Asker: 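Below you will find the structure I want to go over with you.
The figures that follow rest on heavy atoms only: side chains count, while hydrogens, waters and symmetry mates do not. Throughout, protein chains are lettered first and strands after them, A, B, ... in sequence-line order, and every chain is numbered starting at 1. Note that the coordinates shown come from a computational prediction; the quantities given were computed from them, not determined experimentally.
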Amino acid sequence: MTVSGVRLSALAGMLVAALALTACSEPEWRTNDIRGQFPDLEFRLTSESGEVITEADMADRIVLLFFGYTSCPDVCPGTLSRLSRVMGQLSPAQREQVRVLFVSVDPKRDSPQRLKRYTAAFGERFIGATAGIERLRKVTSRYYTAFSYGEPDAQGNYPVSHNGSVFVFDRDGTARLRITANDVGGIPSDSAEAITADLRRLLAAG
Amino acid sequence: MKMRHVMILALCLASSTVTAAAPEVSVTKAWVRWLPAGVPLGGYFRLANEGDSPLLLSGVAGDDFTSVSIHETVRSEDGKTTMRPADLPLHVQPGAVLEFAPGGYHLMLFGAPKDLRPGDEVRLTLKTANGGAIPVRFEVRGPGGGQ
């Protein structure tokens, strides 16, 4: 078999290009990379202290956004406690740059006062917020999700369907990662270690 | 690990003809996730049917709470998660294990005592379809107790 000089150089060129690509490509994120797929952080809600809270209050912070409700004894505290463990693995200086925004999609039961007491159990950088249904619909649909209320039982308690994912935004408010921090139906989720590693990477990116 | 073997107390109130030996079960890893603000709490445990006949878990009762029930967390087709009352009874074959764990089956506990705190213990009774009662002590843990 004969190989012409042209072909050989073309082959060598491709090889160099392939090597360069390998060297320059970013390593994989351990959770789900959503850069370019989700809109920037933008919301207008009522915070757990009863004041208006917007993305401007999160300026220069890495934000972990989670939609849930407090009358949710399984998925919501499971997710928040895993995030609490992640926060515990960061240094105090790193932790100061991160906020967990727990948005209740159940404003009927979740008053700001109740949210404040609830989020305090997970850490001081956990902030509760909620709003009227219309505003909540706006912010959830912005992140391609929704919520709905189930039938109340004899005591009037009703379940709320919600997205179990946590959306992570960098300091510029750009959507970067989607985390699953609970094991619904036995489907493996992102471990505290994986989440911590990705947050450290985002923090190091400046 | 605390192992607690419990014999089902066959409450043969309706029938005096039940002569079969009560099935034996062991319930371990029984804990309740404490949360503040009076929100409902989740309870978890691992039940092993060590007897020779199927066990049908039909419900739960407990005087420490205003209302207790068996729920299940499920993921819908569009990726949302939701809770629903479990389809009872739950069948546990001889030698099989039924796990109540985060993200799946859990006890839904409303109206916990206001002074309940991590480190406390609560008592609940698991009920079987044939009228059996399995008393279980649950350890109350902090919000991150399961991980």
Side-chain angles (χ1 to χ4, degrees), chain A residues 67-85 88 109-111 113-123 128 140 144-151 153-165 178 180-189 191-192, chain B residues 31-45 59-60 65-86 88 97-112 114 116-118 122 138 140-147:
Chain A
F67 300 105
Y69 66 113
T70 71
S71 306
C72 160
D74 192 42
V75 165
C76 303
T79 299
L80 292 171
S81 61
R82 190 172 300 177
L83 296 181
S84 181
R85 220 174 67 169
R109 287 180 292 194
D110 290 341
S111 63
Q113 295 79 357
R114 176 153 150 157
L115 283 171
K116 194 181 180 73
R117 287 175 64 198
Y118 182 80
T119 58
F122 299 97
T140 50
Y144 313 122
T145 178
F147 58 93
S148 56
Y149 304 112
E151 284 298 309
D153 65 14
Q155 284 80 34
N157 301 303
Y158 52 90
V160 183
S161 298
H162 60 104
N163 192 301
S165 296
R178 184 171 53 77
T180 311
N182 54 71
D183 304 296
V184 177
I187 299 164
S189 58
S191 66
Chain B
W31 66 282
V32 165
R33 187 201 302 275
W34 178 85
L35 292 166
V39 302
L41 310 182
Y44 306 98
F45 59 89
V60 58
F65 300 88
T66 54
S67 153
V68 297
S69 52
I70 295 178
H71 275 230
E72 184 183 10
T73 297
V74 289
R75 196 186 292 272
S76 61
E77 281 174 13
D78 59 358
K80 283 192 294 183
T81 65
T82 192
M83 269 189 318
R84 66 182 179 205
L88 300 174
V97 165
L98 175 65
E99 195 99 38
F100 273 49
Y105 288 120
H106 55 274
L107 300 178
M108 180 92 172
L109 313 169
F110 285 96
K114 281 192 163 43
L116 191 74
R117 290 291 177 271
V122 291
F138 287 73
V140 180
R141 298 185 189 166
Q147 296 187 30

Asker: If we define contacts as heavy-atom pairs under 4.5 Å, which of A:Ser189, A:Ala121, A:Ser161, A:Ala154 has the most with chain B?
Answerer: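 Between A:Ser189, A:Ala121, A:Ser161, A:Ala154, the count favours A:Ser161.
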Asker: Of the listed residues (A:Gln113, A:Arg109, A:Lys116, A:His162), which shares the most heavy-atom pairs with chain B below a 4.5 Å separation?
Answerer: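 Result: the option with the highest number of such pairs is A:His162.
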Asker: Between B:Ser67 and chain A, which part of the residue has a heavy atom less than 4.5 Å away: side chain, backbone, both or neither?
Answerer: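 Side chain only.
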Asker: Taking side chain as everything from C-beta outward and backbone as N, CA, C, O, which of these in B:Phe110 sits under 4.5 Å from a heavy atom of chain A? Side chain, backbone, both or neither.
Answerer: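 Side chain only.
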Asker: Counting only heavy atoms closer than 4.5 Å, note whether A:Ser84 contacts chain B via side chain, backbone, both or neither.
Answerer: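 The answer is neither part of A:Ser84.
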Asker: For B:Arg33 and A:Ser81, which heavy atoms make the closest approach, and how far apart are they?
Answerer: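 Reported closest heavy-atom pair: NH1-OG, 3.6 Å.
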Asker: Where on A:Phe122 is there a heavy atom nearer than 4.5 Å to chain B: the side chain, the backbone, both, or neither?
Answerer: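 Contact with chain B involves the side chain of A:Phe122 alone.
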Asker: Between CZ of B:Arg75 and CD1 of A:Ile187, what distance do you get to the nearest 0.5 Å?
Answerer: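 If I round to the nearest 0.5 Å, the distance is 4.5 Å.
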Asker: For chain A, find which of B:Leu107, B:Thr82, B:Val74, B:Thr81 contributes the most heavy-atom pairs closer than 4.5 angstrom.
Answerer: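 Heavy-atom pairs under 4.5 Å are most numerous for B:Thr81.
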Asker: Given heavy-atom pairs under 4.5 angstrom as the criterion, report whether the side chain, backbone, both or neither of B:Leu35 touches chain A.
Answerer: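 Answer is side chain: those atoms of B:Leu35 sit under 4.5 Å from chain A.
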Asker: Which residue out of A:Asp153, A:Thr180, A:Asn157 racks up the most heavy-atom pairs below 4.5 Å with chain B?
Answerer: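 Highest number of heavy-atom pairs under 4.5 Å: A:Asn157.
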Asker: By a 4.5 Å heavy-atom criterion (distance strictly below it), what part of A:Leu80 contacts chain B: side chain, backbone, both, or neither?
Answerer: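 Neither part, no heavy atoms under 4.5 Å.
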Asker: Could you check whether any side-chain heavy atom of B:Arg84 comes within less than 4.5 Å of a side-chain heavy atom of A:Pro159, counting everything from C-beta outward?
Answerer: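 Not touching, per the 4.5 Å side-chain cut-off.
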Asker: If I compare all heavy atoms of B:Lys80 with all of A:Asn163, which pair ends up nearest, and what's the gap?
Answerer: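 Scanning both residues, the minimum pair turns out to be CG-N, 4.1 Å.
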Asker: Can you tell me how far apart CE (B:Met83) and OG (A:Ser71) are? Round to the nearest 0.5 Å.
Answerer: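 Rounded to the nearest 0.5 Å, the CE-OG separation comes to 8.0 Å.
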Asker: Under 4.5 Å, counting heavy-atom pairs only, tell me which of B:Gly42, B:Pro36, B:Ala37 racks up the most with chain A.
Answerer: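 That would be B:Ala37.
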Asker: Within the 4.5 Å heavy-atom criterion, are A:Asp74 and B:Pro102 side-chain neighbours or not?
Answerer: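 A:Asp74 vs B:Pro102: side chains touch.
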Asker: Of the listed residues (B:Tyr105, B:Trp34, B:Tyr44), which shares the most heavy-atom pairs with chain A below a 4.5 Å separation?
Answerer: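 Top count of heavy-atom pairs under 4.5 Å with chain A: B:Tyr44.
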Asker: Name the region of A:Tyr69, side chain, backbone, both or neither, that has any atom closer than 4.5 Å to a heavy atom of chain B.
Answerer: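 Contact with chain B involves the side chain of A:Tyr69 alone.
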Asker: At a 4.5 Å cut-off on heavy atoms, which part of A:Ser165 comes close to chain B: side chain, backbone, both, or neither?
Answerer: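 Neither part, no heavy atoms under 4.5 Å.
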